[in-house]
Structures are given as structure tokens and as C-alpha cells.
Amino acid sequence: AESTVTKTMLDINLFRVENGGDPELVRESQRRRYADRDEDLVGKVVDLDASWRRARFRLDELNREFNASSKAVGAAFKE
């Protein structure tokens, strides 16, 4: 039998406590709607989001360092 599950995008901020979200509310909604599925999908989303945010932060730091170095090299060539 084919499932008629509707796929809905959820705002990532619903999973981020520091942005006013409440992962437990999302978790409860998942329990009510998909009782037969993996209950801790919300936990996985929270963990993956935290990893992504750490990686993104590090990438932004590296980009800042690269841009500062590039600017310094450009200034040195002008002298």
C-alpha cells in the first residue's frame, strides 16, 4: 500500500531554543502525526543544525582571515 504522507517544510527556528523555538513541541507534533516513524528525528535535526552552525561559523572565520590577508597582500603590492 502506498503512503499518502504530506511532506511539509518546517522553519529551522522551530528547532532552535535560542531563537524562541521549542523542539519538544515539534517532537510532540511528530509523535501525533507519525506514531510509527522514528521519534527522534527532531533530535537528529537539532544535532545536525548545531554541527552545521559550528561549521558555518568556522567557515566565516576563515573567510574573514582570507579577506584580511588578501587585503594586506594587495596593500603591500601597491607600496
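Model, not experiment: these values are computed from the prediction. The analysis underlying the following values was restricted to heavy atoms, covering all of them including side chains, and did not include hydrogens, waters or symmetry mates.
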Applying salt bridge (charged side-chain N to carboxylate O under 4.0 Å, His left out) to Lys78 and not counting sequence neighbours gives none

Tell me who clusters with Phe57, hydrophobic residues only, linked when side chains sit under 4.5 Å apart either directly or through other members.
none

When you check the gap from the basic side-chain N to the acidic O, do Arg31 and Glu24 get nearer than 4.0 Å?
yes

Going by the rule side chain to side chain donor-acceptor pair (under 3.5 Å), which residues pair with Lys44 if we only count those two or more places apart in sequence or in a different chain?
Asp38

Arg53: side-chain contact (heavy atoms from CB on, under 4.5 Å) partners, not counting sequence neighbours
Arg16, Glu18, Asp49

Please identify each residue that fulfils side-chain contact (heavy atoms from CB on, under 4.5 Å) with Leu10, with sequence neighbours left out.
Leu14, Phe15, Val26

Decide, yes or no, whether a salt bridge links Asp22 with Arg27 under the criterion of side-chain N to carboxylate O below 4.0 Å.
no

In short, Val17 meets Pro23 closest at the heavy-atom pair CG2-CD, 3.6 Å

Here the side-chain hydrogen bond (donor to acceptor under 3.5 Å, both in side chains) pairs for residues 56-68, sequence neighbours left out, are Arg56-Asp60, Arg58-Glu61

Checking Ile12 against Asn19 for the side chain to side chain contact (heavy atoms under 4.5 Å, CB included) test, could you report, in this order, the C-alpha distance in whole Å, the side-chain angles of both residues, the deciding distance, and whether it holds?
CA-CA 10 Å; Ile12 193 65; Asn19 289 2; over 6 Å; no

